[in-house]
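What follows is a set of notes on a single structure, which appears directly below.
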Amino acid sequence: MMKIELSDAQQGYKESFRHFADSYIVPYAQRHDAEERISEEVLDRLISAGYLGSMLPTSFGGMGLDMVTVGLLNEEIGRGCSAVRSLLTVHGMAALGILRFGTADMKAQWLPRMASGKAIGAFALSEPEAGSNAAGVKTTATRTAGGFLLNGCKRWITMGQIADLFILFAQLDGKPTAFLVEKANAEGLTVNKMNGFLGARGSMIAELQLNDVFVPESHLLGKEGIGVSHVALSCLDYGRYTVAWGCIGTAQASLEASLHFAKEREQFGQPIGSNQLIQKMITEMVVTVKSARLLCLQAGYLKDIGDPDSIMETWNAKYFASLAANQVSGHAVQIHGARGCHQDFPVERYFRDAKINEIIEGSSQMHEVMIANHALQAL
């Protein structure tokens, strides 16, 4: 039977994650937004803490955390900075893709390096004309002596500017297939920075241009033709899960900022928190954050016990949590008034960051299609 409360170990981790975020993430969040990149100081702190290996087994140098605890980490890091949480997400997607579908040599070569932060991973699926239709990628892989030649364009690749390794998807004989592309050895790969995003601006998003990029036969990840049906869907499930927890972090940060402001800001001779309409918004924020967190806890619990329903519950959690982050951050801006519309106050950034999460790892509309179809079929 599922227990709602955290174990002592999980509670201890949560407190340490929160302290880490307050000490080393929050002070840099505005800088990440302004400079549109994650600072070296924060990246070094993440590496030192071992958080880049949070999702990997200890046998590869990872932390070996259960999925609920991984979620707690992403909530607290997301509370501090959505862009830093996005690093944890895509790096984890790449690492778990190798763990689940890679050969023994792939795992031995890459997973210890990814756990230690010596190699950063990214997930290269999206293209200018392929987003929700993942199987519609146009990047091609053609056979050549000893391997494959990749040609095409990938766009909106989170952490693409600093990634050392990409899980990249291409059509091989008309079948979506996954490959490992190592940037250092990828002649013909051009990485172009993409700036000017609405939110999560420090995510160091890039466009990848591939012009006859050679990939050796040994870098085929999984089998030919299972790139989307197995590799991508498995990685995206982890991505949705961690994004959902990150949404809770953004919502929690918005709530906490609003509570402090409602106590301190006075109008008509009293704190605005005594105004019943402000109290109504705060009530909605509290209940919405708690509801989203419970959905994420349920999804994490099901993942930890290996229940296949965890996949659908992750869809539910990501859908609700992303909507929750938008609602709660919107209320936060409203409560702050003019201050909520200025960059000197973090709720302005929370509001922009929240919108991104309704689009990444599956838009809210695609979630609605999946959730409704599942409900109709299950009846």
Side-chain angles (χ1 to χ4, degrees), residues 20-47 51-52 74 76-94 117 119-128 131 153-166 168 183 189-209 239 242-243 246-247 249-251 253-254 257 322 325-326 329 332-333 339-361 363:
F20 180 92
D22 287 340
S23 301
Y24 307 120
I25 305 295
V26 172
Y28 289 88
Q30 186 62 27
R31 174 179 162 185
H32 295 164
D33 188 71
E35 296 182 356
E36 301 193 41
R37 65 179 295 106
I38 295 175
S39 67
E40 292 294 331
E41 296 95 324
V42 169
L43 186 56
D44 288 344
R45 287 287 185 180
L46 289 171
I47 291 172
Y51 291 162
L52 293 183
N74 281 270
E76 293 301 335
I77 298 301
R79 184 179 58 83
C81 177
S82 288
V84 179
R85 194 274 312 146
S86 71
L87 168 59
L88 294 183
T89 291
V90 298
H91 181 77
M93 291 168 70
I120 302 297
F123 189 77
L125 176 61
S126 298
E127 297 182 356
C153 176
K154 296 293 178 179
R155 190 175 288 174
W156 324 117
I157 308 306
T158 300
M159 298 300 152
Q161 296 177 29
I162 62 168
D164 302 291
L165 181 71
F166 300 94
L168 189 143
K183 182 160 63 176
L189 171 65
T190 303
V191 178
N192 300 315
K193 294 181 180 179
M194 299 182 71
N195 295 324
F197 288 91
L198 172 69
R201 289 176 175 170
S203 299
M204 292 183 281
I205 293 173
E207 177 185 81
L208 311 181
Q209 293 284 349
T242 53
V243 168
C247 288
T250 299
S254 301
S322 62
N326 277 271
S329 63
V333 169
R339 291 169 174 79
C341 302
H342 194 271
Q343 63 182 6
D344 283 351
F345 290 80
V347 294
E348 180 267 349
R349 172 166 45 84
Y350 303 154
F351 183 72
R352 290 186 287 104
D353 289 348
K355 189 58 188 177
I356 302 300
N357 294 313
E358 274 202 86
I359 297 170
I360 59 174
E361 314 308 345
S363 68

(message) Could you go through Ser39 and His32, starting from their C-alpha distance and side-chain angles, then the distance that decides it, and tell me whether this counts as side chain to side chain contact (heavy atoms under 4.5 Å, CB included)?
(response) CA-CA 7 Å; Ser39 67; His32 295 164; 3.3 Å; yes
(request) Could you give me the CA-CA distance, side-chain angles and deciding distance for Gln343 and Gln30, then say whether side chain to side chain contact (heavy atoms under 4.5 Å, CB included) is met? (result) CA-CA 8 Å; Gln343 63 182 6; Gln30 186 62 27; 4.0 Å; yes
(request) Go through the steps for Arg85 and Thr250 under the test side chain to side chain contact (heavy atoms under 4.5 Å, CB included), then give the verdict. (result) CA-CA 10 Å; Arg85 194 274 312 146; Thr250 299; over 6 Å; no
(request) Enter the distance from Ser126:OG to Leu208:CG here, rounded to the nearest 0.5 Å. (result) 10.5 Å
Donor-acceptor pairs under 3.5 angstrom involving side-chain atoms of residues 157-166: please list them, not counting sequence neighbours.
residue: Gln161; atom: NE2; partner: Ile205; partner atom: O; Å: 2.9
residue: Asp164; atom: OD2; partner: Ile120; partner atom: N; Å: 2.8

(message) Can you tell me if Phe351 has over 12 outside heavy atoms packed within less than 6.0 Å of its CZ?
(response) no
(message) For Pro27 versus Ala21, what's the shortest heavy-atom pair and its separation?
(response) CD-O, 4.3 Å
(message) Distance check, rounded to the nearest 0.5 Å: Thr89 atom OG1 versus Glu361 atom CD?
(response) 7.0 Å
(message) Please report the interatomic distance CZ(Arg155) to CD(Glu127), rounded to the nearest 0.5 Å.
(response) 10.0 Å
(request) In plain terms, say whether Asp22 and Arg79 are close enough for a salt bridge, that is, a side-chain N and a carboxylate O under 4.0 Å apart. (result) yes
(request) Say whether, by atom type as modelled, one donor and one acceptor occur between the side chain of Asp353 and the main chain of Gly199 under 3.5 angstrom. (result) no
(message) Quick check for you: to the nearest 0.5 Å, what is the distance between Arg349 atom CZ and Ser254 atom OG?
(response) 9.5 Å
(message) Salt bridge or not between Glu41 and Arg45? Use side-chain N to carboxylate O under 4.0 Å.
(response) no
(request) Salt-bridge test for Glu36 and Arg201: reply yes if a basic N is under 4.0 Å from a carboxylate O, no otherwise. (result) no
(request) Hey, could you give me the OG/CG distance between Ser203 and Leu87, rounded to the nearest 0.5 Å? (result) 9.0 Å
(request) Take Cys341 and Val333 through the test side chain to side chain contact (heavy atoms under 4.5 Å, CB included) and record every step on the way to the result. (result) CA-CA 7 Å; Cys341 302; Val333 169; 4.3 Å; yes
(request) Taking the side chain as every heavy atom from C-beta outward, state whether Leu46 and Phe20 have any pair of such atoms under 4.5 Å apart. (result) yes
